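Have a look at the structure below before the remarks.
All values reported here derive from a predicted model rather than from experimental measurement. Chain letters run A, B, ... following the sequence lines, proteins first, then strands; residues in each count from 1.
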2 protein chains.
Amino acid sequence: MIETKHIVSSFDNDLETIQALVMRMGGLVEEALRDASMALETRDAELAERVRQGDHAIDELDELVKTDTAKVLALRSPSATDLRTVLTVISISNSLERCGDLAKNIAKRVPILVDSGMVEDNRSSLRRMARHVGEMLSDSLDSYIHRDVDRANDIVLRDEDADHMYNVIFRSLLTHMMEDPRNITAGMHLHFIAKNIERIGDHATAIAEQTMYLVTGNLPDEDRPKRDLTEAGTAQADG
Amino acid sequence: MIETKHIVSSFDNDLETIQALVMRMGGLVEEALRDASMALETRDAELAERVRQGDHAIDELDELVKTDTAKVLALRSPSATDLRTVLTVISISNSLERCGDLAKNIAKRVPILVDSGMVEDNRSSLRRMARHVGEMLSDSLDSYIHRDVDRANDIVLRDEDADHMYNVIFRSLLTHMMEDPRNITAGMHLHFIAKNIERIGDHATAIAEQTMYLVTGNLPDEDRPKRDLTEAGTAQADG
């Protein structure tokens, strides 16, 4: 019995170490999104470059999580809930690594946009969207750590707001581009940025869904309302 | 000894079953990309709708792979190479599921574009890019099944061509949009489609890299040449 107990508690220790890595990743990703958004708003190419460089640290943590989870699987052979937890951690780390890439890709566009008035015009809506999605990400990690299904559910709903914000920005960009063809290049890049922010919201939602899966064993229905209206042709009304 | 042999061969059987699921997923994803690209080219909204519906089957296979790999991990507790193989399969299935989503998202834009002359103008370049990326995907799965590092390496290089094709399309779209503001809405959607095709190429590359990791234990350098020149401001020359 003592032997069993020892194994169980070793597993818990290993898992706590890995979870700490994932939370550290989460912190870095939130910072990267905040900085990328700030760099865009203040047209700070240096800050954008720091975001690009900083992505290496996120990738390294993801590698470390992959190595450590593989070790835990090999050494502890967890079963049932413990195994599900390890697989959830791998999935969350994967989502965070992708969010880091998305923030990096936003930062990469900043130097192209430093001279653009289009940034000025869309400043507040992009800032609000980035903040909204950053909070979703932070809360999705909280929901995982506390195994809080209600909070996880809330994030799925908040993703609809993120989708709505994206649609508003998309239409605004279209209007600006049609008013003045000199806005077209900047508009294409800003659309790319808005879409990347929206996708970080999708990843936060995926993390929340992993929490729900971990606690309840079920994923929510796949066909939850999707509000990217640009797909449904609504945006065409502007055309 | 007989007992050990029995366990090993059971693991191999389980793995083969899971790999067959992944290959089936790969086939469905290639078909989805081909059909989405064809639906765009021939403005076939019905075919596009079938691609959207077909994504459920891909998602279900991904769920099955997740469940089956969890079972194998729990029951067989594979170590060393076997464990690495299982983790690789999870990662490949994940990449394919995302490719399915990307193909679905391409299909979703088709109904918006049925009346657009812009599709006509970019028809052949989009078709070539989709075919190139579809072949990369198919070969990346072959490289995995045959543990063929040379072929995997080749795919990483071919991704540069995919990036180049994307850049050419991006510049062509910009030019069309600037020539006639009525092209702007379609241009935004076609840019989204081109970017999604390019990202399927990134996933094929990720699958090839998983093969290299599985065989050699190393991932290639992260800083391989990246040719999305729209990020580097080259495309601005058109602005």
| task | Check whether any side-chain heavy atom of B/Lys195 lies under 4.5 Å from a side-chain heavy atom of A/Lys195, and answer yes or no. | result | no
| Point-to-point distance, once rounded to the nearest 0.5 Å, from CE of B/Met188 to NE2 of A/His191 | 5.0 Å
| query | What residues form a salt bridge (charged side-chain N to carboxylate O under 4.0 Å, His left out) with A/Glu46, not counting sequence neighbours? | reply | none
| Quick one: what part of B/Asn94 sits under 4.5 Å from any heavy atom of chain A, side chain, backbone, both or neither? | side chain
| remark: Closest non-hydrogen atoms of A/Leu83 and B/Ala70, given as atom of the first, atom of the second and distance, are CD2-O, 3.0 Å
| task | Can you sort out the partners of B/Arg182 under salt bridge (charged side-chain N to carboxylate O under 4.0 Å, His left out), two or more places apart, ordered by chain and number? | result | B/Asp180
| task | For the pair B/Ile90 and A/Leu87, evaluate side-chain contact (heavy atoms from CB on, under 4.5 Å) and give the outcome as yes or no after the intermediate values. | result | CA-CA 10 Å; B/Ile90 294 175; A/Leu87 294 175; 4.1 Å; yes
| note | Here the gap from A/Arg84 atom CZ to B/Lys66 atom NZ, rounded to the nearest 0.5 Å, amounts to 14.0 Å
| task | Please report the shortest heavy-atom distance between B/Met177 and A/Ile184, naming the atom on each side. | result | O-CD1, 3.3 Å
